[in-house]
Amino acid sequence: MSQKVVLFDMDGVIADSWQAFYPVFSEYLNKTGFNDLVSEAVLLEMFEGNFYQNLQTALHPCPVNQTNFLQLSLALTTAIKSCSPFPGIKQALQQLNHHYPLYLITNNFNATASVFLEEHRLNVFQEVLGLETHRDKTVKIARIQAQYPDHSVFFISDTLGDILEARQTEAVTIAISWGWHSRQTLLRGSPDTILDTPDELLDYIIHF
Ligand SMILES: O=C(O)COP(=O)(O)O
């Protein structure tokens, strides 16, 4: 078995969290006076590129309000408690964890990710690289790649923006179809593969 390291996105891949993310984010936008951005389609479109860059552009010229941002982090951390892992993903993570180092690379806050992982006893990641680490997943993937120069690096996500950022690295980019973006949207990023179930994901990585 060749050496591999596997990097997971959280929201939409592990956590079934859109139903928590959307109302919390809508409230944040309402509070900041950007009610016109409150739409599932608009928010999902922001994930077609770098979410935070797109958000900043949409909010321009208003800078992101730090107090509201802190409230956002607290609200997301509370909301994630009502979210479950997608069926089969916990078992796939546990299997992969027997063979490879796993990392969580998320646009969510570290605290939100930690609460979700603890709540579901997902003690499988070497490290969580959240929003506080960097707002660009290219940088976070490259950082792990540098730590494992002889390994094949796999990155798994459900959004086009993530796939495009991962394509700027050496990582094998795996899109999964059970998350926030449709298969059609994900294919625009030319991922190395697109998979439909956690079992397929397990199989793909083990036999790569
Ligand atoms: O899929 C996404 O881009 C959002 O997921 P993340 O918050 O875990 O990064």
Side-chain angles (χ1 to χ4, degrees), residues 6-26 28 40-56 58 64 69 72-86 89-90 92-93 102-120 122 124-125 127-144 154-169 171 173-189 191 194-195 198 201:
V6 189
L7 319 181
F8 277 86
D9 172 39
M10 182 178 78
D11 294 285
V13 174
I14 300 173
D16 188 0
S17 55
W18 181 255
Q19 295 313 322
F21 174 87
Y22 179 64
V24 168
F25 224 85
S26 300
Y28 167 74
E40 294 206 53
V42 168
L43 276 176
L44 282 172
E45 203 179 324
M46 286 194 197
F47 285 96
E48 292 188 8
N50 182 289
F51 177 72
Y52 290 103
Q53 268 173 21
N54 287 339
L55 180 66
Q56 252 168 359
V64 172
F69 212 60
L72 173 69
S73 106
L74 296 174
L76 281 173
T77 303
T78 301
I80 200 101
K81 290 182 186 158
S82 66
C83 299
S84 302
F86 285 100
I89 194 68
K90 186 170 176 176
L93 284 166
L102 310 184
Y103 287 81
L104 192 70
I105 296 206
T106 178
N107 275 329
N108 217 319
F109 297 91
N110 280 338
T112 310
S114 298
V115 162
F116 181 78
L117 297 177
E118 275 165 31
E119 196 85 6
H120 298 286
L122 279 166
V124 294
F125 295 105
E127 193 182 340
V128 173
L129 289 83
L131 172 62
E132 296 87 343
T133 306
H134 206 284
R135 292 188 179 188
D136 186 334
K137 291 193 182 179
T138 305
V139 173
K140 297 195 270 197
I141 295 167
R143 186 177 299 179
I144 305 293
F154 296 80
F155 175 72
I156 299 131
S157 181
D158 65 315
T159 56
L160 176 59
D162 279 2
I163 297 298
L164 293 172
E165 287 185 349
R167 298 266 298 148
Q168 294 175 50
T169 73
T173 56
I174 303 176
I176 57 86
S177 66
W178 60 84
W180 293 3
H181 278 166
S182 67
R183 169 178 275 270
Q184 204 184 2
T185 300
L186 290 165
L187 285 172
R188 283 165 41 208
I194 177 158
L195 304 173
L201 176 63

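The model shown is predicted, which means the values in this text are computed figures rather than measured ones. One-based numbering, in listed order, for ligands and for the atoms of each.
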| message | For S84 and D16: C-alpha separation, side-chain torsions, deciding distance, then whether side chain to side chain donor-acceptor pair (under 3.5 Å) applies. | response | CA-CA 6 Å; S84 302; D16 188 0; over 6 Å; no
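The pair K140-E165 fails the salt-bridge criterion, with no side-chain N (NZ, NE, NH1 or NH2) lying under 4.0 Å from an Asp/Glu carboxylate O.
Just one residue in the list T169, I105, T133 forms a side-chain contact (heavy atoms from CB on, under 4.5 Å) with R143, and that residue is T133.
Each of the following atoms of ligand 1 lies closer than 4.0 Å to a heavy atom of T106: 6 (P), 7 (O), 8 (O), 9 (O). Shown in contact with D162 at under 4.0 Å from a heavy atom are these atoms of ligand 1, numbered in order with element: 1 (O), 2 (C), 3 (O). The ligand atoms of ligand 1 that sit less than 4.0 angstrom from a heavy atom of M10 are 8 (O). Near K137, meaning under 4.0 Å from one of its heavy atoms, ligand 1 places the atoms 6 (P), 9 (O).
Expressed to the nearest 0.5 Å, how far CG of N107 lies from CE of M10 amounts to 10.0 Å.
Residue H181 places no heavy atom under 4.0 Å from ligand 1.
Considering only non-hydrogen protein atoms, atom 2 (C) of ligand 1 sits nearest to T159 OG1, 3.3 Å. Nearest protein heavy-atom contact of atom 7 (O) of ligand 1 is D11 OD2, 2.6 Å. For atom 6 (P) of ligand 1, the closest non-hydrogen atom of the protein is D9 OD1, 2.9 Å.
Checked against a 6.0 Å centroid threshold, the rings of F21 and Y28 do not count as neighbours. Ring centroid separation for the pair F51 and F25 comes in under the 6.0 Å cut-off.
A donor atom on one side chain and an acceptor atom on the other are found under 3.5 Å apart for T112 and T77.
The side chain of D158, and not its backbone, has at least one atom closer than 4.0 Å to an atom of ligand 1 (non-hydrogen atoms only; side chain from C-beta on).
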